[in-house]
Trainee: 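Structure below; questions to follow.
Naming convention: chains lettered A, B, ... in sequence-line order (proteins, then strands); numbering from 1 in each chain.
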Number of protein chains: 2
Amino acid sequence: MKTAPRAQDVAALAKVSQSAVSRTFTPGASVSEETRRKVLAAAKMLGYRPNALARSLITRRSRIVALVMSYLDNQFYPLVIEQLSQRLQKAGYHVLMFIAEVDEEADGVLAEILDYQVDGIIMASANLSPRLANSCADLGVPVVQFNRVMEQRGRGRSKISSVTSANESGGRMAARLLVERGYRRIALIAGLENASTSIERERGFTDELAVLEMRLWNREVGHYDFHRAQEATQRLFAGDERPDGLFVANDHMAIAALDMLRQELNLKVPEDVGVIGFDDVPQAAWGAYRLTTVRQDLEPMIDATVALLCQQMTGELRPADIVVPCALVERATVRQRPPSTA
Amino acid sequence: MKTAPRAQDVAALAKVSQSAVSRTFTPGASVSEETRRKVLAAAKMLGYRPNALARSLITRRSRIVALVMSYLDNQFYPLVIEQLSQRLQKAGYHVLMFIAEVDEEADGVLAEILDYQVDGIIMASANLSPRLANSCADLGVPVVQFNRVMEQRGRGRSKISSVTSANESGGRMAARLLVERGYRRIALIAGLENASTSIERERGFTDELAVLEMRLWNREVGHYDFHRAQEATQRLFAGDERPDGLFVANDHMAIAALDMLRQELNLKVPEDVGVIGFDDVPQAAWGAYRLTTVRQDLEPMIDATVALLCQQMTGELRPADIVVPCALVERATVRQRPPSTA
DNA sequence: CTGAAAGCGCTAACAC
DNA sequence: GTGTTAGCGCTTTCAG
């Protein structure tokens with residue numbers, strides 16, 4: 001267990017100064033072809049690679065980006081991790097992962113993140129307190145929230161960026177489809193009361209219902225959790241006057257609802273009740289579900305997130321809020337046309 | 001955008017030396033209650049926290065652990081990420097995440113990892129070349145492979161650790177169950193030809209079949225991929241003499257097979273064909289599938305991984321290979337008793 | 001283009 | 001217990 005070779009060692013072997021070694025490993029530094037060759041040869045011999053920590057200490061750029069997440073049981077987020085890390089890796093950054101407890105404000109973890117001098121932070125499905133948003137801004141560490149926005153949206157220039165899909169508009173689409181297909185007693189399962197995604201989807205949904213001169217039949221909260229969504233479904237369908245249409249704030253819960261509806265309550269979907277989810281996770285397309293849903297377009301969301309963060313890290317851009325359109329994906333949990341008896 | 005306060009600044013404000021500041025932030029260093037109080041007060045005023053990079057440079061311990069993964073579409077791995085990061089966080093480590101392309105050897109990414117002076121490496125569902133395994137060992141960076149073992153298993157003292165479940169024994173269980181329940185034309189869908197999980201599960205399965213004086217009816221490779229598993233299923237059931245029992249190397253593919261069997265081929269499970277998966281991912285329990293499967297017991301696997309790594313990082317332990325038992329989970333894709341006509 | 005020298009922010013001897 | 005000092009491995013002036 002020998003210790004790793006240092007620039008000094010390479011310099012000695014190549015018979016050049018240590019700074020020459022540094023320069024060969026610094027893109028865009030001026031070194032003669034001759035020295036570069038010697039250094040590279042010596043480096044290869046020793047298996048030398050620059051110590052990223054020491055480099056960061058002096059350059060004040062760690063090339064590390066923190067990614068804060070929760071809800072990994074919702075398959076949407078693994079996809080986010082996968083794509084984000086790959087894109088960030090390609091851009092020359094490395095990802096420090098933090099799992100935040102669901103529903104807690106991620107403040108504790110954030111202090112630790114900052115200790116590592118990260119160049120930027122991505123918060124996905126995690127809430128950032130305004131206080132910490134400020135201290136990040138003060139330190140010049142850009143933050144982009146993914147799929148979440150801060151409470152006082154729109155009020156004044158926010159200091160942190162966000163990338164979300166058009167949740168409200170997605171909610172509207174769901175409402176329109178359900179009504180158009182002849183469902184009349186329409187209920188909703190919300191996600192988390194304090195999550196902007198859930199709030200916005202619900203608002204869009206109920207607003208559009210109002211436009212169509214209908215009212216929400218009933219409402220329960222599923223906390224973006226599989227089991228709790230099943231309980232919510234049960235409660236929704238416990239009374240005599242059962243709903244016949246259901247909008248669920250995400251696919252993960254919609255699938256839970258579907259299982260409950262079919263296996264436990266012996267209801268037929270889409271005949272007895274129509275169901276719409278949100279996200280379009282891979283499972284929504286699985287043969288046993290074929291869930292009609294509102295798609296969040298992951299790729300442009302990732303693109304925007306990485307672009308936004310990178311530009312802010314290089315100081316090219318100020319914080320911004322980006323909204324990516326949603327699209328309705330019709331599969332088999334909403335009927336194709338209103339029942340002829342209607 | 002002010003720059004972060006340094007220990008120097010705190011020292012000045014508290015009217016003590018800079019080393020006093022360092023000591024108050026070093027657990028187990030000797031500082032009088034008096035100084036400690038002054039330093040803490042000053043630190044709070046300025047919002048000081050030690051720079052982890054600078055600290056690591058000198059202590060030669062970064063408290064960073066690298067986690068290399070792929071296959072995030074298999075829900076087993078998001079769970080692994082979630083649990084591992086939480087446990088590592090609790091142990092005072094931070095997680096640098098890398099997504100490796102499926103099927104490539106993760107050598108490229110590993111060099112970058114080592115640049116960051118990580119204290120340890122966990123490779124989950126990713127293959128490490130023996131060459132790099134050696135260079136990690138040389139550098140004194142412990143590696144534990146999660147759910148994968150190196151090719152030349154058993155031969156001499158390996159330099160890196162592994163945590164796996166008893167894949168072979170799991171495969172045997174599957175074979176026994178299928179035969180016991182009267183299935184006779186038994187086929188298999190393998191994962192990846194070069195993945196130890198797939199190889200071992202298959203070996204256990206066919207070996208046990210042999211013990212029971214049966215032979216594998218047919219075999220296809222699904223590459224641990226949803227779509228390719230569906231194609232494999234199609235091929236398996238294309239001929240005249242269809243299999244009536246199917247062991248699939250993981251749940252992710254088993255679900256794909258189930259969809260294909262029921263939706264496309266109009267076969268009844270478990271009547272026409274019995275299906276067994278491997279892993280027991282959350283989706284296997286979903287109402288629409290209720291997949292009979294071999295459970296990998298995640299918690300003890302995580303425990304072992306974290307314990308192993310931590311002990312090796314502190315030098316308490318040499319590399320080891322740990323194998324966690326599997327358990328059969330019966331649900332609804334294998335019939336309860338052999339058909340009476342048999 | 002190259003080497004010498006300073007120093008990033010911190011910890012760890014070492015004297016006192 | 002405390003301050004002083006010497007680096008950790010590297011980048012970056014600054015002369016030459």
Trainee: For DNA chain D, which residues in residues 7-20 of chain B have a heavy atom at a distance below 4.0 Å?
Mentor: B:Val16, B:Ser17, B:Ser19, B:Ala20
Trainee: Tell me yes or no: between the side chains of A:Asn147 and A:Ser125, is some donor less than 3.5 Å from an acceptor?
Mentor: no
Trainee: Nearest-nucleotide wise, let me know which of A:Thr35 and B:Thr26 is further upstream toward the 5' end of DNA chain C.
Mentor: A:Thr35
Trainee: Output the single nucleotide from C:dA12, D:dT2, D:dC10 whose closest atom is nearest the side chain of B:Thr59.
Mentor: C:dA12
Trainee: Atom CZ of A:Arg55 to atom C1' of C:dC10: distance rounded to whole Å?
Mentor: 20 Å
Trainee: Calculate the interatomic distance between B:Phe25 atom CZ and C:dC10 atom P; express it in whole Å.
Mentor: 10 Å
Trainee: Going by an N to O cut-off under 4.0 Å, is there a salt bridge joining B:Arg63 and B:Asp119?
Mentor: no
Trainee: Which residue, B:Arg36 or B:Ile58, contacts DNA chain D at a nucleotide closer to its 5' end, judged by nearest heavy atom?
Mentor: B:Arg36
Trainee: Atom CG of B:Asp115 and atom P of D:dC8: how far apart are they, to the nearest Å?
Mentor: 20 Å
Trainee: Aromatic rings B:Tyr224 and B:Tyr71: how do their planes relate, parallel, tilted or perpendicular, breaks at 30° and 60°?
Mentor: perpendicular
Trainee: Rounded to whole Å, please give me the gap between CG in A:Leu57 and C1' in D:dC8.
Mentor: 9 Å
Trainee: Check this for me, if you would: do B:Asp115 and A:Arg55 make a salt bridge, where the nitrogen-to-carboxylate-oxygen distance has to be below 4.0 angstrom?
Mentor: no
Trainee: I want to verify a distance call: between D:dT13, D:dT2, D:dC10, whose nearest atom is closest to the B:Val31 side chain?
Mentor: D:dT2
Trainee: Could you tell me whether the phosphate oxygens of D:dG9, OP1 or OP2, come under 4.0 Å of any side-chain nitrogen or oxygen in B:Tyr116?
Mentor: no
Trainee: Mind checking whether A:Ile81 and A:Met69 have side chains closer than 4.5 Å, heavy atoms only?
Mentor: yes
Trainee: Given atom CG of A:Leu53 and atom P of D:dT11, what is their separation to the nearest angstrom?
Mentor: 12 Å
Trainee: Would you kindly check whether a donor in the side chain of A:Arg23 faces an acceptor in the base of C:dG3, or vice versa, at under 3.5 angstrom?
Mentor: yes
Trainee: Given atom CZ of B:Arg37 and atom P of D:dG1, what is their separation to the nearest angstrom?
Mentor: 17 Å
Trainee: Can a side-chain donor-acceptor contact be found between B:Ser19 and B:Ser17 if the only test is distance below 3.5 angstrom?
Mentor: yes
Trainee: Would you mind telling me which of D:dG9, C:dC10, C:dT2 lies closest to the side-chain atoms of B:Arg6?
Mentor: C:dC10
Trainee: Got a second to check how far B:Ser161's OG is from B:Phe146's CZ, nearest 0.5 Å?
Mentor: 13.5 Å
Trainee: Using a 4.0 Å heavy-atom cut-off, does A:Tyr48 contact any base of the nucleic acid, only the sugar-phosphate backbone, or nothing at all?
Mentor: sugar-phosphate
Trainee: Can you check the B:Arg61 CZ to C:dT11 P distance for me, whole Å?
Mentor: 14 Å
Trainee: Calculate the interatomic distance between A:Arg63 atom CZ and D:dC10 atom C1'; express it in whole Å.
Mentor: 16 Å
Trainee: Which nucleotide in the list C:dC1, D:dG9, C:dG7 gets nearest to the side chain of A:Ser32?
Mentor: C:dC1
